[in-house]
Amino acid sequence: MSTGWVILGYAVSYGAIAAYVAWMAVRIRSTHRYRGGSK
Amino acid sequence: MAPRIPSEITKGRDTSTDPPVPTARVDEPLEGGPSLWRGTWVLGAATLLLLVISLYGAWRAPHEETQGEAARLLFVHVPSVITAYLALGVGVLGAFWYLIRRSRWADQVSAAAIEIGVLFTGLTLLTGMIWGRLVWSVWWDWNDARMLSTAVLFFLYLGYLVLRRSINDPRVRAMRCAVLGVIASVQVPIVHYSVLWFRTLHQGPTLIRPDVANATMDDAFIQPLGMSVIAFVALFVLLLTVRLHLARTEIFMSYLNHQAGPVGAAIVPPRLGNPA
Amino acid sequence: MRNPGFLKQVGWVVRKDLRVEWRGGETILMVTPFAVLALMLAPLALNADTALLRRIGPGMLWLVLLLFGMTIALRPSAMEPRSLRDLVKLCGLDPAARFLGDSLASAILLFAVTLVLTPVMIALYAPRGEPEWGLLILLGMAGAMALGLLGALIGSLVIGLRTRTSLAPLLALPPAVPVLVATTRGTESAIGQRSSIPWILLLIAMDLALAVVGVLLAGPLDDTTN
């Protein structure tokens with residue numbers, strides 16, 4: 001039972017970090033179009 | 001040197017009567033637009049490796065008697081706390097540096113670090129609450145001074161992020177956010193003591209309960225815990241680097257928007273003597 | 001006119017703010033009845049019996065003072081329209097003096113509301129015990145000053161923003177948590193014959209810290225405010 005909560009804790013933590021990284025990547029990628037190519 | 005406007009925007013338009021490119025300003029972008037530091041990829045790979053190793057260590061850590069499986073949560077909770085305080089510390093230092101030197105770079109570092117710090121503070125609270133639920137059977141313990149302080153810290157710096165979003169002018173935003181960062185940092189020790197005395201002043205000794213400290217002192221725990229802390233610190237550096245790159249890119253983008261004119265890149269405002 | 005001293009300028013600002021309040025009446029006429037009503041609503045919400053009410057009296061008093069005090073300290077009249085701000089700036093008023101004056105005026109208004117609300121709380125909640133009134137007044141003044149300083153500081157951060165009315169309380173409440181803890185625990189200690197000195201000292205420390213920060217940063221903040 002408690003293992004489930006532990007796994008949830010890990011999943012939420014690492015998931016949040018991964019989501020943050022993904023958000024940054026998407027924002028950076030979306031600027032490339034207007035800069036005449038990626039740098 | 002000002003960046004050139006991409007040709008797709010200026011195609012087919014007579015650019016001879018365009019307004020002159022603004023000269024040096026405090027918020028002018030870096031030459032030719034910012035590029036991601038090549039070392040970021042190496043850092044990312046190293047961080048990923050460290051995280052995998054720490055996860056393996058957490059999985060293989062011995063079973064703890066008093067706390068059971070919940071002790072494994074500490075491998076996320078403790079590194080989160082350390083990273084959160086590290087990040088907020090960098091953010092506060094950046095705020096002070098901005099007030100002393102008015103360096104735009106200090107403002108960017110401060111904002112990025114505090115954003116990451118708020119993320120990890122939130123994770124600390126979350127993992128702490130789950131841990132408390134498993135070990136003490138309560139989601140929230142009003143006698144726990146540490147969690148209370150962390151919760152107030154979370155809202156203090158969340159306010160910083162909200163203020164940051166509310167201001168458009170970069171100079172005003174930098175100054176006001178730096179001031180808020182200083183106010184928040186000055187409040188931290190005061191909050192700490194008020195919350196600490198909240199329960200302990202004039203109070204008898206508290207019950208002996210399974211505590212975070214009990215598990216972390218155990219030898220078999222120190223190694224995977226240390227690994228996790230190192231992994232999270234590397235993660236912080238990585239996140240900060242990428243966030244700073246994003247910030248610089250967005251400054252560059254905002255400058256492009258300014259150059260294109262108040263109504264956007266596709267439309268040129270009318271000019272006397274140029275019937276267009 | 002001779003060169004006016006710093007304290008004199010602070011005095012001008014305090015008198016100006018209090019005069020505006022006297023003529024506009026936002027605090028006494030509007031916030032105080034609101035706060036009294038809040039004190040009356042709490043027992044209804046909590047379905048409280050006398051024993052519970054006795055214990056939560058001081059806490060409710062300061063909770064209401066904190067929440068409504070924030071609206072006083074962050075009141076719009078303290079952040080005047082741009083034309084008035086420009087005029088004051090051009091007159092050469094020291095921004096630090098303006099900050100301290102605003103804080104002091106807010107603190108005075110807050111303390112006045114405290115004085116009105118305390119007998120109401122005693123009547124409605126009937127807390128038991130013999131409080132040391134001297135310490136309680138000191139606690140109240142230190143707490144009011146802290147809220148006033150905080151309000152003036154946060155107020156200067158949100159000048160000219162569209163989301164000012166909802167943003168300001170969000171920014172001001174987390175730093176005000178120690179004020180709530182110190183005043184409530186201090187009041188309980190004063191009633192229960194325990195020492196409330198540590199709490200008073202904590203509030204004074206907070207007052208000094210906020211005052212120093214505000215005075216030092218008032219100038220730079222003023223320069224970047226448009």
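Residue numbers begin at 1 in each chain, while the letters A, B, ... track the order of the sequences.
- Within the 4.5 angstrom heavy-atom criterion, only side-chain atoms of Leu99(B), from C-beta onward, approach chain C.
- When each of Ser194(B), Cys177(B), Ala184(B), Ala151(B) is checked for heavy-atom pairs under 4.5 Å with chain C, Ser194(B) comes out on top.
- Contact annotation for Leu221(C): both backbone and side-chain heavy atoms come within less than 4.5 Å of a heavy atom of chain B.
- Phe198(B) has its side chain within reach of Arg185(C): a pair of non-hydrogen atoms, C-beta onward, lies under 4.5 Å apart.
- The candidate from Val179(C), Leu203(C), Val181(C), Val212(C) with the greatest count of non-hydrogen atom pairs under 4.5 Å with chain B is Val181(C).
- In terms of heavy atoms, Leu161(C) sits closest to Ser166(B) at CD2-O, 3.6 Å.
- At a 4.5 Å heavy-atom cutoff, the contact between Val191(B) and chain C is made by backbone and side-chain atoms alike.
- Between the CZ atom in Arg102(B) and the CG atom in Asp223(C) there is a gap of 7.5 Å [rounded to 0.5 Å].
- Counting heavy-atom pairs closer than 4.5 Å to chain B, the top residue among Leu150(C), Leu202(C), Leu210(C), Leu170(C) is Leu202(C).
- Counting heavy-atom pairs under 4.5 Å between each of Leu163(B), Leu158(B), Leu148(B) and chain C puts Leu163(B) at the top.
- To the nearest 0.5 Å, atoms CG (Leu171(C)) and CG (Leu180(B)) are separated by 5.5 Å.
- Interface remark: of the candidates Ala205(C), Gly214(C), Pro174(C), Pro174(C) forms the most heavy-atom pairs closer than 4.5 Å to chain B.
- Going from atom CG of Asn168(B) over to atom CZ of Arg162(C) covers 9.0 Å, rounded to the nearest 0.5 Å.
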Check: residues 48-67 of chain C side-chain donor-acceptor pairs under 3.5 Å, at least two apart:
residue  : atom : partner   : partner atom : Å
Asp49(C) : OD1  : Leu52(C)  : N            : 3.3
Arg54(C) : NE   : Ala126(C) : O            : 3.4

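- Annotation: maximal heavy-atom pairing with chain B below 4.5 Å, among Val213(C), Thr163(C), Leu173(C), Leu167(C), occurs at Leu167(C).
- With a 4.5 angstrom heavy-atom cutoff, Leu157(C) touches chain B via backbone and side-chain atoms both.
- For Gln187(B) against Pro178(C), the heavy-atom pair with the smallest separation is NE2-CG, 4.0 Å.
- Residues Ile159(C) and Arg176(B) meet the side-chain proximity criterion, which asks for heavy atoms closer than 4.5 Å.
- Comparing Ala209(C), Pro220(C), Ala182(C) by heavy-atom pairs within less than 4.5 Å of chain B, the highest count is held by Pro220(C).
- Using a 4.5 Å cut-off between heavy atoms, Val152(B) touches chain C through backbone and side chain atoms alike.
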